[in-house]
Structure formats: C-alpha cells, structure tokens
Amino acid sequence: NSHTRQYPASITKIMTAYLAIKNGDLNSTITMSDAAVWGIDRNSSHIALDVGEEISMSDALYAVMLMSANEAAWAIAEQVSGSLENFVQLMNDTAQSLGCKDTHFTNANGLHDPDHYTTAYDLYLIFNECLKYDLFKDAIHQAHYTAVFTRNGQEVQQTYDSTNYYLLGNKTPPEGVSIIGGKTGTTDNAGLCLILYVEDGSGNGYISVLLGCPDKDTLYSSMSKLLSDISK
C-alpha cells in the first residue's frame with residue numbers, strides 16, 4: 001500500500017536536496033562542523049570530510065545525491081537553517097505543505113530513527129516537487145561527479161561514483177525506458193529502497209518507488225519489473 005508508513009533511509013535526502021536548492025545559497029561555502037562530521041554513524045555512507053574542511057553548497061548537494069554522504073547532508077542542514085533542529089522543522093513544515101500526510105522527519109540524512117518515517121506516496125509528492133529544478137535533475141542523473149574541497153588549506157579534488165546501479169551500468173533497465181536518475185537508500189530497519197524518475201520512448205516521465213527490499217538483486221529486479229509496464 002502506497003500509504004503504509006515505512007522507513008525511507010537515505011531517500012530522505014531528496015528533501016534535504018530540495019531545501020538546499022530552494023532555500024540555500026548554492027555558491028556559499030560550507031565549513032564542516034564538529035556535529036556534522038561526528039554526529040553520524042561512522043559505518044554509514046560518507047565522503048570522509050573532516051571538521052573545518054570547506055566545500056561549496058553545490059558540491060555538498062551532489063555528494064548527498066550521488067554518494068548519499070551523511071555528513072554533507074547534516075552540513076547542508078546547518079548551512080540552510082543555522083542548526084539541524086531548525087532544518088528538521090523546515091523539512092516537516094515543507095512535507096506538510098506538499099500534502100504529505102504520513103511523513104515525519106527527525107534528521108536530514110535518513111539514518112534510522114523510529115520517529116523518522118514516510119510513505120511511498122508522500123515520497124512521490126516530494127520527488128515530484130524536486131524534479132521542477134533542473135539542478136536536481138542534473139544531480140540525480142550523474143554516474144560520476146568530481147567535488148572540490150579545501151583540506152588543510154589545499155584544494156583537493158575527489159571523484160565519486162553514484163550509488164545507482166542503473167546509472168553505473170551494473171543493472172540494465174527494460175528496453176524503451178530511459179533512467180534519468182533517483183535516490184537509493186538502505187538501513188537495517190528500512191531494507192533497500194529506491195526512488196526513480198524515468199522516461200519512456202516518447203519522453204513521458206514516470207516516478208517509481210520501492211521500499212523495504214531484502215537485497216540489491218531483489219531491489220533492481222523488482223524495479224525493472226515495475227518499469228517494464230512503462231515500455232509496453
């Protein structure tokens with residue numbers, strides 16, 4: 001049921017990215033805080049940014065959407081709203097204003113919290129709004145991205161790969177379906193999750209979302225099965 005409350009894991013980050021684009025200054029420079037770097041589970045997705053390092057808001061956004069970088073999501077939250085707490089409030093207010101009736105966020109990255117939940121339908125509402133921004137569409141479409149950050153006063157370039165197996169070519173979508181991009185998510189409690197924006201041969205757009213799959217093969221085979229309805 002598309003209205004069943006579920007854990008979104010890192011698909012949460014579509015809201016974080018949306019608010020970064022809508023309310024943030026993409027040219028601003030983020031200085032990584034202690035909270036952003038050490039507030040996340042070290043075994044979760046990150047790009048190894050350290051306290052005091054600097055990254056532009058737009059590079060942080062790409063790191064969040066491609067690599068699911070948890071510390072970058074936290075840093076974006078602080079940059080947009082001054083604190084994670086204020087940003088979470090903004091996330092929840094925005095979800096309500098978009099008509100999400102079964103969504104409640106407690107953080108900006110989707111790390112597990114029993115009080116952090118949404119539904120497939122609500123994620124569709126949020127994603128649909130995100131897709132109005134070309135920058136968002138560009139970010140979800142990249143298979144690889146090179147970010148620049150300042151480490152010990154030196155500019156460092158680092159290239160990252162998307163977590164999206166369709167974009168990387170590890171999984172093949174049904175014929176006649178173009179994968180524009182999306183967001184993956186996984187935690188022990190949420191299982192494996194994926195939201196996608198795709199187009200058919202005539203350029204019509206579709207959003208599909210799968211939550212709670214047991215493993216990667218099931219996630220992508222189930223998604224391809226869903227997408228094959230489009231190509232018919």
Side-chain angles (χ1 to χ4, degrees), residues 1-19 32 34-49 60-78 84-85 87-88 91-92 95 100-127 130 139-140 160-168 170-171 181-196 207-226:
N1 181 328
S2 64
H3 293 285
T4 306
R5 288 182 178 182
Q6 286 170 281
Y7 300 125
S10 282
I11 296 182
T12 299
K13 294 183 176 101
I14 64 174
M15 176 63 94
T16 305
Y18 171 71
L19 293 173
M32 295 302 295
D34 205 68
V37 171
W38 296 108
I40 64 163
D41 174 357
R42 302 315 284 168
N43 296 321
S44 68
S45 313
H46 61 83
I47 55 165
L49 289 170
L61 172 77
Y62 277 79
V64 161
M65 291 311 290
L66 264 86
M67 287 297 302
S68 216
N70 286 316
E71 84 276 43
W74 191 308
I76 283 174
E78 292 179 337
L84 181 63
E85 202 180 16
F87 188 78
V88 168
M91 292 171 79
N92 287 320
C100 303
K101 291 187 168 48
D102 296 287
T103 295
H104 184 258
F105 297 119
T106 63
N107 62 60
N109 47 36
L111 290 172
H112 182 68
D113 181 314
D115 254 357
H116 186 96
Y117 55 80
T118 183
T119 66
Y121 181 72
D122 285 1
L123 286 174
Y124 153 75
L125 292 175
I126 297 165
F127 198 52
C130 292
I140 62 172
Y160 302 106
D161 294 334
S162 169
T163 56
N164 187 320
Y165 273 25
Y166 287 125
L167 294 180
L168 292 176
N170 301 3
K171 298 285 180 188
K183 185 75 200 77
T184 59
T186 176
T187 64
D188 291 347
N189 298 84
L192 278 79
C193 310
L194 177 62
I195 192 164
L196 274 187
I207 291 170
S208 41
V209 55
L210 275 175
L211 302 172
C213 290
D215 54 61
K216 265 200 177 112
D217 284 344
T218 310
L219 178 69
Y220 284 94
S221 62
S222 306
M223 184 58 86
S224 289
K225 201 160 171 281
L226 259 181

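Here, residue 1 is the first one in the sequence, and each next residue gets the next number.
- Residues that satisfy the side chain to side chain donor-acceptor pair (under 3.5 Å) test with D161, not counting sequence neighbours, are H144.
- For the residue pair K183 / T12, no side-chain donor-acceptor distance below 3.5 Å is found, with atom types taken as modelled.
- Nearest heavy-atom pair across E71 and S45 is OE1-O, 4.5 Å.
- By the side chain to side chain donor-acceptor pair (under 3.5 Å) test, S208 is found to be paired with no residue, residues two or more places apart in sequence or in another chain being considered.
- Legend: salt bridge (Lys or Arg N to Asp or Glu O under 4.0 Å) pairs involving residues 106-122, not counting sequence neighbours: none detected.
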Taking only distance into account, with no hydrogens and no angle test, what donor-acceptor pairs under 3.5 Å do side-chain atoms of residues 185-193 form with protein atoms, sequence neighbours excluded?
from : atom 1 : to   : atom 2 : distance (Å)
T187 : OG1    : N189 : N      : 3.4
T187 : OG1    : A190 : N      : 2.9

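- One finds the CD1 atom of I40 at 7.0 Å from the CG atom of N109 (value rounded to the nearest 0.5 Å).
- Remark: A95 pairs with M15, C100, T103, F105 by the side-chain contact (heavy atoms from CB on, under 4.5 Å) rule, at least two apart or across chains.
- Take A35 and apply the side-chain contact (heavy atoms from CB on, under 4.5 Å) test, not counting sequence neighbours, and it matches S33, W74, E78.
- By the ring pair (Phe, Tyr, Trp, His ring centres under 6.0 Å) test, Y160 is found to be paired with no residue, residues two or more places apart in sequence or in another chain being considered.
- Contact detail for S222 and T218: the closest heavy-atom pair is OG-O, 2.6 Å.
- Listed by first and then second residue, the salt bridge (Lys or Arg N to Asp or Glu O under 4.0 Å) pairs that reach into residues 212-224 are K171-D217, sequence neighbours excluded.
- Sorted by first and then second residue, the salt bridge (Lys or Arg N to Asp or Glu O under 4.0 Å) pairs with a member in residues 4-13 read R5-D102; sequence neighbours excluded.
- Each of L210, I207, N164 was compared with L196 under the side-chain contact (heavy atoms from CB on, under 4.5 Å) criterion, and only N164 meets it.
- Checked by atom type, the side-chain pair T163/S68 shows no donor-acceptor distance below 3.5 Å.
- Every ring pair (Phe, Tyr, Trp, His ring centres under 6.0 Å) that Y220 has, sequence neighbours left out, goes to Y165, Y166.
- Contacts of T16 classified as side-chain contact (heavy atoms from CB on, under 4.5 Å), with partners at least two apart in sequence or in another chain: A73, I76, F87, M91, A108.
- For the atom pair L84 CG and T106 OG1, the distance stands at 8.5 Å (nearest 0.5 Å).
- Legend: residues meeting side-chain contact (heavy atoms from CB on, under 4.5 Å) with P114, ordered by chain and number and at least two apart, are Y7, H112.
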